[in-house]
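To keep things clear, I will list the structure first and then write my remarks on it.
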Amino acid sequence: MAKRSTTRKSTAKKATSRRKTSHKSPASALSSARAVWSGNLRLALVSIPVKIFPATKSGARIQFHQVHEPSGKRIRYEKVVPGIGPIDTDEIVKGFELKKGQYVLIDPEEIEDLKLETKKTLDLVQFVKQGEIDPLWFDRPYYVVAEDELAEEGYRVLRDALRESGKVGIGQFVMRGREHVATLKPCGDGLLLETLRFADEVRSASPYFTEMSDEELDKELLLLAEELIERKSAPFDPRQFKDQYTEAVRELIDAKAKNRKHVEVEDEAPTGGAQVIDLVDALKRSVRSNARSGSTKSSKAKSTSRRSSKRSSASKSSSSRRKAG
């Protein structure tokens, strides 16, 4: 009995240790993710150290490469100049077109010099009601995480205060050399930051709807539409919506991979680059080639004509000599 009891205890300990090792804390889960910004959220005199992580990903998208079917090689794209051919990247500058054919050239280093220094503080300078900002203005979402345990209390206070007030904080900060305006609001147990578009990045809606009629609608049609909306109303669950196109493409790829022989594609880096032919030069060469060809044919024709006339003269003289004899 004692041995059985000991065995049960050791088994229970092993199971407990396995559960402990398999469980991942939020901190360990974040260790594999990369923060895109770290700094302080500041509200008046209170600063909260935080990190910002992207809330979206594009890993589910299927990406294709272009392959030259006859040769089985990857298609590459090179930067070329007509009449010159492939060029080095350090010879490239940015050009802004002022008007057709006229550019202002700007060196990449000049652009780098204009980038803002990383500002390590996001000041919450204004608060608005949730839902007051039109979704049109929102750009990209990010999760905001407390830097450490010392920052957690201030983080939670700010989160709960925003939730209780029903407000969204607004501020500006610098990320990756560019300035952004952003909102901050509660999201589950944490905070969500969403960058906003600037005013000059959003088109006015009025030109698109100016032709819309103001005629009064049929009330019966309106009631029917409202009834249909009510019947189909339900809490939002993103798992109900599938990317059917991506799934269909994935099924097609899997079926071909299973039932057909795989194709070996050479993925070699370009060496000398494709030869670029200047159209004017090509036309000039064609004209010169045709001219030489024409002159050659003419000279051949003349020599042939001379030879035939000589033969004719010789033939006539021999004929006359035979008659005389």
Side-chain angles (χ1 to χ4, degrees), residues 24 28-38 51-97 101 103 105-112 114-115 135-136 138-143 175-178 180 192-197 201-203 237-283:
K24 287 186 177 181
S28 62
L30 284 175
S31 62
S32 59
R34 184 180 178 183
V36 295
W37 188 86
S38 60
K51 288 183 178 180
I52 292 176
F53 298 87
T56 58
K57 60 180 180 179
S58 56
R61 302 284 181 183
I62 292 176
Q63 294 183 337
F64 289 103
H65 296 291
Q66 290 187 321
V67 177
H68 183 234
E69 189 174 12
S71 65
K73 293 184 178 182
R74 278 275 306 273
I75 294 174
R76 298 286 183 180
Y77 294 92
E78 294 180 291
K79 296 183 185 295
V80 296
V81 176
I84 297 176
I87 57 168
D88 295 330
T89 53
D90 57 3
E91 297 175 335
I92 300 173
V93 296
K94 294 182 182 293
F96 181 84
E97 190 174 25
Y103 287 79
L105 300 183
I106 300 175
D107 199 85
E109 284 76 14
E110 294 178 295
I111 296 291
E112 284 295 321
L114 293 177
K115 286 189 175 181
L136 179 68
F138 292 104
D139 187 17
R140 290 186 179 180
Y142 297 86
Y143 293 130
M175 179 171 63
R176 293 175 176 171
R178 289 187 56 196
H180 299 268
L192 182 74
L193 179 139
E194 291 181 276
T195 55
L196 300 176
R197 297 180 176 92
E201 295 180 299
V202 176
R203 290 189 174 125
D237 182 3
R239 292 170 297 183
Q240 291 182 348
F241 300 91
K242 305 291 183 183
D243 186 348
Q244 296 178 14
Y245 170 75
T246 300
E247 288 183 354
V249 173
R250 172 56 66 188
E251 289 174 4
L252 175 64
I253 292 170
D254 292 342
K256 286 200 168 191
K258 183 178 180 181
N259 300 323
R260 296 191 186 185
K261 186 179 178 181
H262 296 177
V263 177
E264 296 294 332
V265 175
E266 291 186 36
D267 193 10
E268 60 185 24
T271 52
Q275 184 179 4
V276 180
I277 300 172
D278 187 281
L279 182 58
V280 176
D281 288 343
L283 289 173

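Below, each value reflects all heavy atoms present in this structure, side chains not excepted, and no hydrogens, waters or symmetry copies.
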Minimal heavy-atom distance between Ala35 and Phe53, with the atoms involved, is N-CE2, 3.4 Å
For the CD atom of Gln244 and the CD atom of Glu251, what is their distance to the nearest 0.5 Å?
10.5 Å
Return a table of donor-acceptor pairs under 3.5 angstrom between the side chains of residues 79-92 and protein atoms on other chains or two or more places apart.
unit_1, atom_1, unit_2, atom_2, d
Glu91, OE1, Asp88, N, 3.4

Spatial distance of atom NE2 (His180) from atom CZ (Arg140) [nearest 0.5 Å]
9.0 Å
Spacing of CD1 belonging to Ile253 relative to NZ belonging to Lys258, to within rounding of 0.5 Å
15.5 Å
pair Phe64-Val249: side-chain heavy atoms closer than 4.5 Å:
yes
State, to 0.1 Å, how close Pro141 and Leu192 come at their nearest heavy-atom pair, and which atoms those are.
CB-CD1, 4.1 Å
With rounding to the nearest 0.5 angstrom, report the CD to OH distance, Glu194 to Tyr142.
11.0 Å
Compare every heavy atom of Gly95 with every heavy atom of Tyr103, then report the nearest pair and how far apart it is.
CD2-C, 3.8 Å
Contacts of type side-chain hydrogen bond (donor to acceptor under 3.5 Å, both in side chains), residue Asp237, not counting sequence neighbours:
Arg239
Please report the interatomic distance CD1(Ile106) to NZ(Lys94), rounded to the nearest 0.5 Å.
9.0 Å
Please report the interatomic distance OH(Tyr245) to CD1(Ile62), rounded to the nearest 0.5 Å.
8.0 Å
Backbone of His65 reached by a side-chain donor or acceptor of Arg74 within 3.5 Å
no
Are Glu247 and Arg250 within salt-bridge range, i.e. N to O under 4.0 Å?
no
Contact check, side chains of Ile52 and Ser38, non-hydrogen atoms, under 4.5 Å:
no
Between Val36 and Arg176, is any pair of side-chain heavy atoms under 4.5 Å apart?
yes
Is the shortest heavy-atom distance from the side chain of Trp37 to the side chain of Leu193 under 4.5 Å?
no
